[in-house]
Participant: 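Got a structure for you, questions after.
Computed from a predicted structure; not experimentally measured. Scope of the values below: all heavy atoms of this structure, side chains included, with no hydrogens, waters or symmetry mates. Whatever order the structure lists them in is the order used to number ligands and atoms, beginning at 1.
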Amino acid sequence: MSEHPYQHIDLHTHSTASDGKLSPTELVTLAHEQGVSMLALTDHDTIKGLEEAHQCAHGLGMTLINGCELSVAWNKIPLHMVALGFEPDNQALKKWTQRNQTVRLERGRQIADLLVKKGLPDLYDKAVEEAGESQLGRPHFAKVMIREGIVKDMNKAFDHYLGNKKIGQIRDVWPQLEEIMPELAATDCELVLAHPKRYPVTVTKLKGVLADFKRYGGTAIEVASGHERPDHVRFLERLTREFEFEASAGSDYHGPFGPWTNVGRYTQVHEQEVRPIWYKW
Ligand code: AMP
Ligand code: MN
Ligand code: MN
Ligand code: MN
């Protein structure tokens with residue numbers, strides 16, 4: 001939102017390789033125009049956009065960090081974990097992105113079946129078509145619902161059918177932290193817990209997540225993600241100190257729609273009070 005300052009670093013963004021609106025080239029170009037000098041492209045469960053993003057970033061003299069936002073689970077609660085800084089031939093990452101891509105298709109079938117039980121038409125084929133070359137996700141179901149006149153907008157689709165605790169939020173499909181993290185942590189990945197305040201858990205449970213995230217090799221947590229409340233950023237900064245994490249930050253930009261800030265914009269981080277991950281690069 002407009003009150004947030006522009007930053008030079010953005011370590012969480014999406015392109016058309018997953019559920020973002022802009023192609024990797026358009027995203028990198030926009031980030032550059034807005035003063036971002038270090039950008040991570042972190043599409044959901046795929047690194048397909050990275051090559052194109054690198055070509056563009058190279059031409060513009062920007063630093064592009066390889067990234068990927070992996071869907072994972074802690075005690076059946078879906079979480080997002082951002083892997084950063086790996087080489088494109090990282091085999092462990094390749095294995096888990098491929099597995100999650102299969103899960104996404106199977107989960108899509110399950111979502112469609114559950115929506116049929118709710119009285120909706122079978123939306124599977126249309127959602128797959130909507131996704132095209134991108135990773136199939138709930139946003140593609142939401143777009144089909146809008147087009148079919150089932151809901152007015154994305155928010156309504158998530159509020160009624162796809163969001164937390166709704167029928168299309170299938171919980172038990174993603175790899176558990178303990179199976180995925182040690183394998184990735186043993187490679188050249190930095191593992192970052194994405195947007196810790198966005199999960200439907202109590203503070204006690206969140207601290208349980210963080211303890212396990214640390215135990216299995218996590219490096220950092222995002223202390224700012226888009227227009228996070230400033231007191232939440234403060235709270236997360238305190239947690240980085242308590243659990244000895246580094247701090248990451250990004251816009252989680254998906255495009256000029258939905259609840260997202262612009263690329264390169266997020267709530268101010270108090271850099272001197274945390275250990276920022278970006279100095280590695
Ligand atoms: P999935 O990756 O299939 O689990 O879908 C989750 C994605 O849905 C998130 O990464 C967001 O991009 C998107 N999303 C979640 N809530 C909303 C919302 N209210 N409006 C638009 N997009 C949303
Ligand atoms: Mn998304
Ligand atoms: Mn996420
Ligand atoms: Mn994201």
Side-chain angles (χ1 to χ4, degrees), residues 10-22 27 39-47 49 65 67-74 76-84 96-97 99-112 114-115 123-124 127-128 130-131 134-146 151-175 191-200 209 221-222 224-228 248-263 265-266:
D10 190 333
L11 298 179
H12 188 154
T13 62
H14 295 271
S15 77
T16 45
S18 63
D19 56 0
K21 179 105 176 159
L22 305 184
L27 173 77
L39 179 76
L41 174 60
T42 57
D43 276 307
H44 297 285
D45 299 316
T46 182
I47 61 167
I65 308 294
C68 181
E69 183 173 19
L70 289 153
S71 307
V72 297
W74 180 83
K76 300 193 178 177
I77 297 169
L79 305 174
H80 284 171
M81 176 170 78
V82 170
L84 291 176
W96 286 105
T97 51
R99 180 160 316 178
N100 273 2
Q101 285 162 26
T102 308
V103 170
R104 281 181 171 277
L105 291 171
E106 290 168 1
R107 180 188 69 149
R109 187 60 265 168
Q110 284 175 276
I111 291 172
L114 288 167
L115 293 173
L123 302 176
Y124 182 76
V128 169
E130 174 68 37
S134 317
Q135 288 304 305
L136 178 64
R138 286 175 284 163
H140 304 111
F141 278 92
K143 281 188 196 146
V144 173
M145 284 181 191
I146 296 166
V151 292
K152 257 200 352 252
D153 56 35
M154 297 283 278
N155 273 335
K156 288 271 181 305
F158 276 87
D159 286 351
H160 292 302
Y161 295 107
L162 300 166
N164 284 333
K165 303 203 170 137
K166 296 294 181 251
I167 195 158
Q169 159 74 306
I170 296 176
R171 295 158 66 84
D172 197 12
V173 291
W174 305 113
L191 300 177
V192 181
L193 183 70
H195 43 65
K197 281 301 285 178
R198 258 194 258 157
Y199 308 118
V209 172
I221 67 174
E222 284 180 355
S225 172
H227 41 80
E228 195 102 65
S248 187
S251 60
D252 201 5
Y253 180 71
H254 282 67
F257 67 93
W260 320 111
T261 41
N262 212 333
V263 62
R265 295 191 114 166
Y266 48 85

Participant: Backbone or side chain, does any N or O of N155 fall under 3.5 Å from an N or O of ligand 1?
Facilitator: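 Indeed, backbone or side chain, N155 has an N or O that close.
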Participant: With respect to the Mn ion (ligand 4), what is the nearest N, O or S atom of D252?
Facilitator: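 Considering only N, O and S atoms, D252 comes nearest to the Mn ion (ligand 4) through OD1.
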Participant: Please check this pair: side chain of T16 against backbone of G20, looking for a donor-acceptor N/O pair closer than 3.5 Å.
Facilitator: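 The answer is no, because no donor-acceptor pair under 3.5 Å joins these two groups.
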Participant: What part of W260, side chain, backbone, both or neither, has a heavy atom within less than 4.0 angstrom of ligand 1?
Facilitator: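 The answer is the side chain of W260.
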Participant: Considering distance alone, does some N or O of R138 sit under 3.5 Å from an N or O of ligand 1?
Facilitator: yes
Participant: For S71, does its backbone N or O pair with a side-chain atom of N100 as donor and acceptor, under 3.5 Å?
Facilitator: yes
Participant: Checking side-chain hydrogen bond (donor to acceptor under 3.5 Å, both in side chains) against H254, which of D19, T261, T13 comes through?
Facilitator: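 Answer after filtering D19, T261, T13: D19.
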Participant: So if I count the atoms of ligand 1 from 1 in the order they appear, which ones are less than 4.0 Å from some heavy atom of G137?
Facilitator: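 Per the distance check, 3 (O).
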Participant: Checking Q169 side chain against K166 main chain: does a donor-acceptor pair fall under 3.5 Å?
Facilitator: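 No; zero donor-acceptor contacts below 3.5 Å.
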Participant: Which of these, H44, R104, K143, has its nearest heavy atom closest to atom 10 (O) of ligand 1?
Facilitator: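 Going through H44, R104, K143 one by one, H44 has the nearest heavy atom to atom 10 (O) of ligand 1.
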Participant: Quick one: does any side-chain atom of R171 pair with a main-chain N or O of I77 as donor and acceptor, under 3.5 Å?
Facilitator: no
Participant: Specify side chain, backbone, both or neither for H254, according to which of its non-hydrogen atoms lie closer than 4.0 Å to ligand 1.
Facilitator: side chain
Participant: Identify, by name, the N, O or S atom of E69 lying closest to the Mn ion (ligand 3).
Facilitator: OE2
Participant: For D43 and S15, indicate whether the former's side chain and the latter's backbone hold a donor-acceptor pair under 3.5 Å.
Facilitator: yes
Participant: Considering only N, O or S atoms, which atom of H195 is nearest to the Mn ion (ligand 3)?
Facilitator: NE2
Participant: Evaluate whether atom NZ of K143 has more than 12 neighbouring non-hydrogen atoms of other residues, nucleotides or ligands under 6.0 angstrom away.
Facilitator: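 More than 12 within 6.0 Å, yes.
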Participant: Determine which of the N, O or S atoms in H80 is closest to the Mn ion (ligand 3) and give its atom name.
Facilitator: ND1
Participant: So, 2.8 Å as the limit: is an N/O/S atom of H44 located closer than that to the Mn ion (ligand 3)?
Facilitator: no
Participant: So, the side chain of E222 versus the backbone of H195: is there a donor-acceptor pair under 3.5 Å, distance only?
Facilitator: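 Looks like yes, one N/O pair under 3.5 Å.
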Participant: Who's the nearest protein heavy-atom neighbour of atom 15 (C) of ligand 1, and how far?
Facilitator: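 Among all protein heavy atoms, the one nearest atom 15 (C) of ligand 1 is F158 CE2, 3.4 Å.
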Participant: Among all protein heavy atoms, pick the one closest to atom 1 (P) of ligand 1 and tell me residue, atom and distance.
Facilitator: R107 NH2, 3.5 Å
Participant: Decide, counting backbone as well as side-chain atoms, whether H254 has an N, O or S atom less than 2.8 Å from the Mn ion (ligand 4).
Facilitator: no
Participant: Say whether G163 and ligand 1 are in contact under the criterion: heavy-atom distance to a ligand atom below 4.0 Å.
Facilitator: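 The answer is no, since G163 has no heavy atom less than 4.0 Å from ligand 1.
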Participant: Which pair of non-hydrogen atoms, one from R138 and one from L162, has the smallest distance, and what is that distance?
Facilitator: NH1-O, 2.8 Å
Participant: Determine whether E69 and H80 satisfy the following criterion, side-chain hydrogen bond (donor to acceptor under 3.5 Å, both in side chains), listing intermediate values before the conclusion.
Facilitator: CA-CA 6 Å; E69 183 173 19; H80 284 171; 2.9 Å; yes
Participant: Going by atom types alone, do D45 and Q135 pair a side-chain donor with an acceptor below 3.5 Å?
Facilitator: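 No donor-acceptor contact under 3.5 Å links the two side chains.
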Participant: Using distance alone, determine whether H80 and ligand 1 share an N or O pair under 3.5 Å.
Facilitator: no
Participant: Considering non-hydrogen atoms of the protein only, which is the closest contact for atom 9 (C) of ligand 1, and what is the distance?
Facilitator: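 I find the closest protein heavy atom is D19 OD2, 4.0 Å.
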